[in-house]
Amino acid sequence: MKTKHPFNWKSHSKAPIVGIVRGLPLDTVISIANAYVLAGLSTIEITMNTIGASEIITEIRNKFPNLNVGAGTVCSVEDYNNAIAAGAQFIVTPVINEEVIKKAVADDVPIFPGAYSPSEIYKAWSLGASAVKIFPATQLGPTFVKDILAPLNNIKVIPTGGVTKENIASFFAAGATGVGMGSSLLNKELIKQNNFNGLAEHFKNIKAEIKAYL
């Protein structure tokens with residue numbers, strides 16, 4: 001089961017930030033996606049434990065054809081099949097599920113599996129991960145990324161959890177090829193206030209922090 005609209009690596013590389021949307025309704029996600037486009041970001045993840053996740057993925061794919069729209073919190077083959085059927089262009093998992101990874105690789109769908117230890121990170125990469133989501137990166141920090149990539153320098157990593165505007169540049173300086181960001185990117189107060197122009201500016205400011213690494 002292959003997606004009809006492949007992941008656009010070129011646009012992703014211009015702003016390798018995966019915005020993680022969890023638990024928000026469709027109308028709010030549409031407004032976030034609009035702000036995303038205004039800010040020049042391109043890769044957004046809808047977690048499968050969001051109510052109506054499949055419908056949201058389909059709608060955002062239809063309304064924003066230039067965005068990379070993926071599915072996160074994919075923990076089973078059933079989740080995977082539902083995500084791809086909805087139009088997801090990439091898959092993110094919180095854990096290593098070999099069956100899911102192998103299916104994504106066979107379908108030529110980019111997959112970013114979650115891993116924590118050096119052994120897990122290496123295993124995920126060996127199974128064919130497009131990049132490995134270091135999760136949760138909150139306690140590990142940029143130094144861990146640098147230390148991991150000393151011996152495992154061929155592995156692409158996307159630290160997720162604890163990445164903020166203040167430290168995002170340090171993760172890229174340590175060798176990360178991208179990052180995943182949830183609440184620190186999707187500012188809850190701005191969303192609560194329906195200040196999506198302000199949210200777009202917030203996105204731009206975060207993107208500017210990594211300009212030197214793009």
Side-chain angles (χ1 to χ4, degrees), residues 1-3 5-9 12 16-24 29 41-58 60-61 67-140 144-145 148-149 152 154-163 171 176-186:
M1 185 188 298
K2 295 189 178 183
T3 178
H5 306 280
F7 188 90
N8 188 328
W9 284 104
H12 174 70
I17 297 169
V18 181
I20 304 165
V21 177
R22 188 187 307 276
L24 296 174
V29 182
L41 298 182
S42 63
T43 306
I44 192 165
E45 165 194 335
I46 314 299
T47 67
M48 291 302 285
N49 60 352
T50 295
I51 295 173
S54 292
E55 292 76 16
I56 293 172
I57 290 170
T58 300
I60 300 302
R61 280 290 304 120
L67 288 182
N68 290 315
V69 182
T73 317
V74 175
C75 298
S76 66
V77 171
E78 181 182 5
D79 286 341
Y80 174 89
N81 288 336
N82 289 337
I84 296 301
Q89 297 162 284
F90 67 98
I91 299 294
V92 183
T93 78
V95 296
I96 295 175
N97 181 317
E98 291 192 28
E99 194 176 4
V100 170
I101 296 172
K102 288 176 180 178
K103 188 159 181 54
V105 171
D107 289 345
D108 199 25
V109 174
I111 183 165
F112 310 138
Y116 190 79
S117 69
S119 294
E120 288 179 346
I121 292 167
Y122 182 78
K123 181 177 182 179
W125 182 253
S126 298
L127 288 169
S130 307
V132 181
K133 168 186 170 182
I134 295 180
F135 173 80
T138 310
Q139 302 300 320
L140 301 174
F144 178 81
V145 173
I148 284 292
L149 293 179
L152 304 177
N154 291 325
I155 297 179
K156 296 179 181 179
V157 298
I158 302 177
T160 302
V163 180
F171 280 101
T177 54
V179 295
M181 299 180 72
S183 58
S184 60
L185 181 69
L186 305 178

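Computed from heavy atoms alone, side chains included, the values below leave out hydrogens, waters and symmetry copies.
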Evaluation steps, side-chain hydrogen bond (donor to acceptor under 3.5 Å, both in side chains), between Ser42 and His12: CA-CA 6 Å; Ser42 63; His12 174 70; 4.8 Å; no
Quick one: are Leu186 and Val21 in side-chain contact, heavy atoms under 4.5 Å? yes
Partners of Phe171 by ring-ring contact (aromatic ring centres under 6.0 Å, His included), sequence neighbours excluded? none
What is the distance from atom CD1 of Ile20 to atom OG1 of Thr43, rounded to the nearest 0.5 Å? 12.0 Å
Under the side chain to side chain contact (heavy atoms under 4.5 Å, CB included) criterion, do Glu98 and Leu127 qualify, and how do the steps go? CA-CA 7 Å; Glu98 291 192 28; Leu127 288 169; 3.6 Å; yes
Residue pair Gly162 / Thr138: nearest heavy atoms and the distance that separates them: N-OG1, 3.6 Å
I'd like to know if the side chain of Thr50 reaches the main chain of Thr47, judged simply by a donor and an acceptor atom lying under 3.5 Å from each other, with no hydrogens or angles considered. yes
Taking NZ, NE, NH1 and NH2 as the nitrogens, is one of them in Glu99 or Lys103 under 4.0 Å from a carboxylate oxygen of the other? no
Taking the side chain as every heavy atom from C-beta outward, state whether Trp125 and Val157 have any pair of such atoms under 4.5 Å apart. no
Shortest non-hydrogen separation from Ile121 to Val132 and the atoms involved: O-CG2, 3.7 Å
Atom of Ile57, atom of Ala71 and distance for their closest heavy-atom approach: CD1-CB, 3.9 Å
Decide yes or no for Trp9 and Pro110: does some side-chain heavy atom of the first lie under 4.5 Å from some side-chain heavy atom of the second? yes
Could you go through Thr73 and Arg22, starting from their C-alpha distance and side-chain angles, then the distance that decides it, and tell me whether this counts as side-chain hydrogen bond (donor to acceptor under 3.5 Å, both in side chains)? CA-CA 9 Å; Thr73 317; Arg22 188 187 307 276; 3.1 Å; yes
Only one of Val95, Val77, Asn81 forms a side-chain contact (heavy atoms from CB on, under 4.5 Å) with Val100, so which one is it? Val77
Do other residues, nucleotides or ligands put more than 12 heavy atoms under 6.0 Å from Tyr122 OH? no
Go through the structure and list residues passing side-chain hydrogen bond (donor to acceptor under 3.5 Å, both in side chains) with Thr177, not counting sequence neighbours. none
Do the side chains of Ile91 and Ile84 get nearer than 4.5 Å, heavy atoms only? yes
Measuring from atom CG of Leu67 to atom CG of Asn8, what distance do you get when rounded to the nearest 0.5 angstrom? 10.5 Å
Hey, are the side chains of Ile51 and Ile56 touching, using non-hydrogen atoms and a 4.5 Å cut-off? no
Is there a side-chain contact between Val18 and Ile44 (heavy atoms, below 4.5 Å)? no
Separation between OG (Ser54) and CE (Met48), nearest 0.5 Å, reads 4.0 Å
Would Ile134 and Ile158 count as a side chain to side chain contact (heavy atoms under 4.5 Å, CB included) if you check the C-alpha gap in whole Å, the side-chain angles of each, and the deciding distance to 0.1 Å? CA-CA 6 Å; Ile134 295 180; Ile158 302 177; over 6 Å; no
So do Pro136 and Tyr116 actually touch side chain to side chain, heavy atoms under 4.5 Å? yes
Tell me whether the rings of Phe90 and Phe112 are parallel (<30°), tilted (30 to 60°) or perpendicular (>60°). tilted
Is the backbone of Val69 close enough, under 3.5 Å, to the side chain of Gln89 for a donor and an acceptor to pair up by distance? yes
Tell me if a side-chain donor or acceptor on Thr93 pairs with a main-chain N or O of Val74 at a distance below 3.5 Å. no
Check side-chain hydrogen bond (donor to acceptor under 3.5 Å, both in side chains) between Glu55 and all other residues, then give those that pass, not counting sequence neighbours. none
Going by atom types alone, do Asn97 and Tyr80 pair a side-chain donor with an acceptor below 3.5 Å? no
Side chains of Leu140 and Pro159 in contact at under 4.5 Å (non-hydrogen atoms): no
Just by distance, do the side chain of Thr160 and the backbone of Lys133 share a donor-acceptor pair under 3.5 Å? no
